[in-house]
Amino acid sequence: MVDAELNEPQAVAAAHSRGPLLVFAGAGSGKTRVITYRVANLIANHGVAPWRILAVTFTNKAAGEMRARLETLCGADLARALWVGTFHATCAKLLRVHGAAIGVPPNFVIYDTADQKAVVTRALGDLNLDERRYPPRAVLAHIHKHKQEGRGPDEAAAHSYIDDIALRIFRAYDARLRAANAVDFEDLILLVARLLGTDAEGDKIRRRFDHVLVDEFQDTNATQYRLLSELAKTHRNLCVVGDDDQSIYSWRGADVRNIRGFRREYPDATIIKLEQNYRSSQRIVKAALGVIVRSADREPKELWTANPEGAPVQVTLARDERDEAGLVVETLRRARAEGTNLREIAVFYRVHAQSRVLEEALRAANIPYQIIGGTKFYERAEVKDALAYLRILMNPQSDVDLLRIINVPARGIGQTTVDRLVTWAGGMGEPLFEVLARVREVDDLGAAAKKKLASFRELLDDLRVAARTSTPSALLEHVLASTGYLRALEGEDTAESDARIENLRELVGSVQDYEAEAQAAGEEATLAGLLERVTLVSDVDGLEDAGRVVLMTVHGAKGLEFARVILTGMEEEMFPYKGVDPSERDELEEERRLAYVAITRARQHLTMTHTQMRQIFGKTRWNRPSRFLGELPQGVAEYAVTAAAASGAQQPSYVDRESSFEPAMRPWRHPQVPPPRFVDPDFFDDRASDVNDLSLRRGSRVAHERFGEGKVTRVIRIGEPAVVAVFPGWGEKKILARFLKPAE
DNA sequence: TCTTTGTAATTTTTT
DNA sequence: ATTACAAAGA
């Protein structure tokens, strides 16, 4: 049925009917096509009921696209019956139905990062710990790491004093979540994975699905992996699709080993590699390969394309970030003049901090743009306030929400009153909402405070009555009016308050959208459904504005494609980005994959820019061009320099880089300037050579008098040949080659 | 309770 | 450079 539209490996993957399947899908190789065709095939030719198929993605956008394509392929009715969703949304759905078995009531709320931080802060308070000594952000990262690796507070073990404290915070945090009947993002996965481990309820969930398909499998963490293997335990119909080369979220717990080790876990898995790229020009594919082939430990694969050679990649040097922004504007103008729609163009950067200058230049040049990322709509204070009201109506136990709105808008309930209330409730072990009903019994509260608290509780009770009969949007409007929230904002009458009011209107609008969508899908629009949606939805999901250039970080670009891409800030320290501590090998590997992802987003045109100097975080830095530029193969790129950079008096310190950088023209090179003495040795990567019987290569075994035997991780120069080598027990050392001997 | 001032932090952030 | 957030002051 479908074969004519698929190439050979795609067709084999799509036709696979049962058992584990691993698909390595190179960038632009049509993986969504394979997944959707396979689903269609299962339904049409293998008699699988659509509601017994689960397809999991990481983003709502990916889920939406998949669903849309399945609708075209299978028809709207069948497609609607399929389970297509993100890990989190899918688990939330399952947890609402099955959570009771592990003590999670169906009206749980999902706490986002800000809420979680508030819970940590309160947990620290419970334990009398100093917030400065245990920054909530760091604590939260620690807790998430445990949860991402499958450990709840009971499984996490303490190995040291610090661990012990961390563990106590973890326990207090989780206790607070359970008391509030709230879950964090990690819990959604972890709790369902745990449910699957229970006999009765676990089997109930397992019996729902005959087939499980996973997109972007390289981004799964240990808990997600466990969830998947539990789900597929009986039928083993687990199909995972991903690309280890595009693994860029290890810092968020993703573990590439899941995809690299899949064939070990499932020795009978069918393995298919999609290596033909349908997206990019030959030159762009070659550029991407130049970067990724230097990656260590990758699954061997050969990305290729039958597309035309295409235009050369443009590599341009600018003087500084303002000059670079001017260059971007110029490139956009020219592209527009050539007839490219602005929405087909994207500007990427490594960190958000780079966006500001670009934004200013675009605004000055009157070029419409849209920035993805940064502060998200649902994270704005007024939106969170409004949603907190809704959440407390659904789940009155949610203390974080109650505390957020108890004095918003100001109703004379001060910090002292709140503190006393919290202390009292903490002692009673009761949700604050309950205590509000019996506020008279709280001894250390003044009469005035009691009165205000009682009337706040009355307000909430009235709203709860309204909640039973109103639609979500009507309820929201009612909340905004009857709490005086809107009135308070109107009273402020500033530009900022106007913007906030506008945001609230937008929120009401989006709730109405939700209701319309729910109706179209034949479902009831519920408060729970709405709240789940708003916490599980990010801004990238709403990206389809016409006629605007898109600005985003490279991370934000994953999964997208554009006719033309401008990749900015291609300098050492910017991209690869280097934090304070000496670059970890793994981190560099991830930067490399990130560069690969960035390059492979482009269909026809790719421009890469770098600067001689850049101001970032208030400091001026002179950086050498990114090593990734030096890795572009011969013939794919064309090199240029802006006028400002060419005329610059200062000589950047990177002129001595011909070893790996071969521009067709290098007008910025001023030979009279001597090369700097202190060249960063790390820059001279891979200077493989032989010195006195010693093989200086990455991976060679060498011996040192003091450190013993070690392995070379990098060949460098410190005025003379040298290496970076790892010695067991000593760690990484930089050693001159003449102090080394070949290992026995 | 609200304002001001000071301090620290600032990769990336699918949910 | 910017910003966010906390502590101290009015």
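We name chains A, B, ... by the order of the sequence lines, and we start the count at 1 in each one. For the numbers below, each heavy atom of this structure counts, side chains included, while hydrogens, waters and symmetry mates do not. These numbers come from a predicted model, not from an experiment.
- Checked against H146(A) for a side-chain contact (heavy atoms from CB on, under 4.5 Å), the options E149(A), H144(A), H142(A) give a single hit: H142(A).
- Comparing dC2(B), dT14(B), dT11(B) by their nearest atom to the side chain of A410(A) picks out dC2(B).
- Rounded to whole Å, atom P of dT15(B) lies 15 Å from atom CG of N221(A).
- The gap from the C1' atom of dT3(C) to that of dT14(B) amounts to 25 Å, rounded to the nearest Å.
- Because its NZ or CZ atom is both nearer than 6.0 Å to the ring centre of F108(A) and within 45° of the ring axis, R96(A) counts as a cation-pi partner of that residue.
- Spacing between atom CD1 of I413(A) and atom P of dC2(B) amounts to 12 Å, rounded to whole angstrom units.
- For K61(A) and dT15(B), the NZ to C1' distance is 16 Å, given to the nearest whole Å.
- Residues A353(A) and A89(A) each lie close to DNA chain B; by heavy-atom proximity, the contact nearer the 5' end of the strand is made by A353(A).
- dT15(B) atom P lies 15 Å from atom NE2 of H144(A), rounded to whole Å.
- For H555(A), whose side chain is taken as the heavy atoms from C-beta onward, the closest listed nucleotide among dT11(B), dT14(B), dT13(B) is dT13(B).
- In this entry the distance linking CZ of R137(A) with P of dA6(C) reads 14 Å, nearest Å.
- Within 4.0 Å of G412(A), counting heavy atoms only, lie sugar-phosphate atoms of the nucleic acid but no base atom.
- At dT13(B), one or more side-chain N or O atoms of H352(A) fall inside 4.0 Å of OP1 or OP2 (strictly under the cut-off).
- Ring geometry for Y225(A) against F217(A) counts as tilted: the plane angle lies between 30° and 60°, on a 0 to 90° scale.
- Judged by distance alone with a 3.5 Å cut-off, no donor-acceptor contact links the side chain of R356(A) to the base of dT2(C).
- Atom CG in L95(A) sits roughly 15 Å away from atom C1' in dT15(B) (whole-Å rounding).
- A donor-acceptor contact closer than 3.5 angstrom links the side chains of E382(A) and N503(A).
- A stacking contact between Y249(A) and dT13(B) is absent: the pair does not combine a ring-centre distance of less than 5.5 Å to the base's six-membered ring with planes differing by less than 30°.
- Contact annotation for D219(A): base contact, defined as any heavy-atom pair under 4.0 Å involving a base atom.
- For the C1' atoms, the distance linking dT12(B) with dC5(C) amounts to 22 Å, nearest Å.
- Residue order along DNA chain B, read from the 5' end via each residue's closest nucleotide, puts R411(A) first among F617(A) and R411(A).
- E571(A) places its CD atom 17 Å from the P atom of dT11(B), with the value rounded to the nearest Å.
- The side chain of N60(A) lies closest to dT15(B), out of dT12(B), dT15(B), dT1(B).
- Using modelled atom types, one finds no donor on one side chain facing an acceptor on the other under 3.5 Å when comparing E324(A) with T568(A).
- Distance, F87(A) CZ to dT13(B) P: 20 Å, rounded to whole Å.
- Applying the 3.5 Å distance criterion, the base of dT12(B) shares a donor-acceptor pair with the side chain of R350(A).
- Taking 4.0 angstrom as the limit, T553(A) places a side-chain polar atom (N or O) nearer than this to OP1 or OP2 of dT13(B).
- D245(A) and R593(A) get closest at one heavy-atom pair: O-CB, 3.1 Å.
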